[in-house]
**Q** 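My structure is below; once you've seen it, I'll send some questions.
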Amino acid sequence: MTEKLIDGKALAQKMQGQLAEKVERLKAEYGIVPGLAVILVGDNPASQVYVRNKERSAIKAGFKSETVRLSEAISEEELIEIIKSYNQDPSFHGILVQLPLPAHINDKKIILTIDPSKDVDGFHPMNTGHLWSGRPMMVPCTPAGIMEMLSAYEVNLEGKHAVIIGRSNIVGKPMAQLLLDKNATVTLTHSRTRHLADVCKRADVLIVAIGQGHFVTKDFVKEGAVVIDVGMNRDDNGKLIGDVKFDEVATVASLITPVPGGVGPMTITMLLEQTYQAALRSVIK
Ligand code: GUN
């Protein structure tokens with residue numbers, strides 16, 4: 001079984017170790033410390049966990065990390081002012097506003113406020129445009145991390161059929177573009193897709209980002225397919241589970257990511273990598 005496992009945790013640790021060395025060199029050569037500002041509004045428990053993990057990993061890799069925890073009641077205008085102050089602060093190379101935001105705040109307007117050169121989430125329309133025109137700058141971190149995993153495990157995507165479940169701006173849509181860039185044939189499915197299991201069963205690579213615990217069973221998976229599980233759900237006992245029924249799907253997949261320890265740690269790694277790259281660009285124009 002273990003030879004089937006895509007160990008995102010181990011790959012992330014390796015990459016973050018290499019990143020810490022690059023950060024040391026950047027400090028030594030240019031006197032610059034990559035700075036990441038993470039803004040969290042409200043007390044969504046899942047967001048609190050994600051933000052804490054991002055902060056811990058950033059500090060461990062030698063970054064300057066600042067987390068701003070704001071009350072749910074903050075106004076859109078106040079939040080915009082805070083983002084603008086980080087846009088202007090040269091000691092911060094990356095700004096991330098954790099989503100979702102409270103309903104009274106327009107998330108599109110907030111994303112538009114972030115300086116595209118500091119938009120380490122790759123959510124600003126300018127970065128989306130770069131990605132879709134085939135010249136990626138800042139790429140959404142979860143799909144970027146998945147591409148790193150596929151590459152590390154030598155999954156050849158050329159001419160392969162990749163099926164994605166979920167069409168979000170954070171995962172599904174950018175994932176489709178990154179797979180197209182590697183010459184995969186991409187099917188992007190969603191909640192209205194008919195005969196979903198049949199469509200998925202034709203996939204050589206299946207990326208699951210539907211947000212429903214244990215949704216994908218082995219009836220969705222072709223023998224020998226590569227299965228990537230983006231899900232982070234809690235079961236009735238509060239246990240963290242993916243969107244894929246791991247135990248049964250692992251019997252047919254050739255490679256599969258676990259939850260936890262698969263995609264999650266790679267998302268953080270890519271966030272740090274893009275913050276490092278932004279810091280590097282600030283000195284090497
Ligand atoms: N919420 C869930 N995933 C993400 C992410 O990758 N970035 C941000 N900013 N918020 C999220």
Side-chain angles (χ1 to χ4, degrees), residues 8 12 36-58 65-70 72 74 76 79-80 82-83 86-87 92-103 105-116 118-128 131 136-149 164-178 207-213 228-234 240 242-243 257 259-260 262-275 278:
L36 174 65
V38 176
I39 301 172
L40 172 63
V41 183
D43 47 17
N44 178 317
S47 292
Q48 282 176 338
V49 174
Y50 295 149
V51 163
R52 200 165 52 236
N53 289 341
K54 286 169 187 173
E55 189 177 24
R56 274 195 199 139
S57 303
S65 169
E66 196 160 290
T67 303
V68 191
R69 292 179 168 82
L70 300 167
E72 177 99 19
I74 193 169
E76 193 174 274
L79 179 56
I80 286 175
I82 291 169
I83 295 168
Y86 282 108
N87 281 346
F92 287 97
H93 308 93
I95 304 169
L96 177 149
V97 180
Q98 187 67 26
L99 302 178
L101 287 166
I105 297 178
N106 179 339
D107 53 6
K108 290 193 179 63
K109 211 164 151 187
I110 295 304
I111 289 167
L112 275 172
T113 306
I114 301 171
D115 178 338
K118 296 190 178 189
D119 168 37
V120 279
D121 257 328
F123 292 166
H124 191 288
M126 184 100 93
N127 286 317
T128 312
L131 177 61
M137 283 284 293
M138 300 283 199
V139 179
C141 300
T142 297
I146 292 171
M147 295 308 286
E148 286 290 334
M149 287 199 287
I164 304 162
I165 313 183
R167 57 176 154 179
S168 71
N169 290 331
I170 298 181
V171 182
K173 286 193 236 169
M175 191 76 245
Q177 177 58 28
L178 291 171
I207 315 267
V208 190
I210 192 170
Q212 280 186 47
I228 306 288
D229 188 351
V230 183
M232 289 266 221
N233 315 282
R234 299 266 168 201
L240 192 63
D243 290 351
T257 60
V259 175
V263 173
M266 287 303 295
T267 297
I268 296 180
T269 306
M270 300 321 289
L271 171 70
L272 299 181
E273 178 66 35
Q274 295 202 120
T275 305

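Note that ligands are numbered from 1 as they come in the structure, with each ligand's atoms numbered from 1 the same way.
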**Q** What is the closest protein heavy atom to atom 8 (C) of ligand 1, and at what distance does it sit?
**A**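 Nearest protein contact, heavy atoms only, for atom 8 (C) of ligand 1 is D121 OD2, 3.4 Å.
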**Q** Heavy-atom distances under 4.0 Å are what count here, so tell me which part of F123 touches ligand 1: side chain, backbone, both or neither.
**A**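 It is the side chain that gets close, since no backbone atom is under 4.0 Å.
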**Q** Just heavy atoms, cut-off under 4.0 Å: does L99 contact ligand 1 by side chain, backbone, both, or neither?
**A**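 Under 4.0 Å from ligand 1, L99 contributes backbone and side-chain atoms.
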**Q** Below 3.5 Å, N or O to N or O, backbone or side chain included: is there any such pair between V97 and ligand 1?
**A**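 Such a contact does occur with ligand 1.
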**Q** So which heavy atom in the protein is nearest atom 11 (C) of ligand 1, and how far is it from that ligand atom?
**A**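 So the nearest neighbour among protein heavy atoms is Q98 NE2, 3.4 Å.
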**Q** Roughly how far apart are I80 CD1 and N106 CG, rounded to 0.5 Å?
**A**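 Rounded to the nearest 0.5 Å, the CD1-CG separation comes to 8.5 Å.
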**Q** Per the side chain to side chain contact (heavy atoms under 4.5 Å, CB included) rule, which among L96, V120, T269 passes with Q274?
**A**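 Going through L96, V120, T269 one by one, the side chain to side chain contact (heavy atoms under 4.5 Å, CB included) with Q274 is satisfied by V120 alone.
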**Q** For Q98, which of I39, D121, V51, V41 qualifies under side chain to side chain contact (heavy atoms under 4.5 Å, CB included)?
**A**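 Passing option: V51.
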**Q** If I take atom OH from residue Y86 and atom CG from residue L36, how far apart are they, to the nearest 0.5 angstrom?
**A**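 Answer for the OH-CG pair, Y86 versus L36, is 10.0 Å.
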**Q** Closer than 4.0 Å to some heavy atom of L96 - which atoms of ligand 1 meet that?
**A**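 Listed by number with element, the hits are 9 (N).
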**Q** With heavy-atom distances below 4.5 Å as the criterion, would you say the side chains of D107 and K109 are in contact?
**A**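 No, every pair of side-chain atoms sits at 4.5 Å or beyond.
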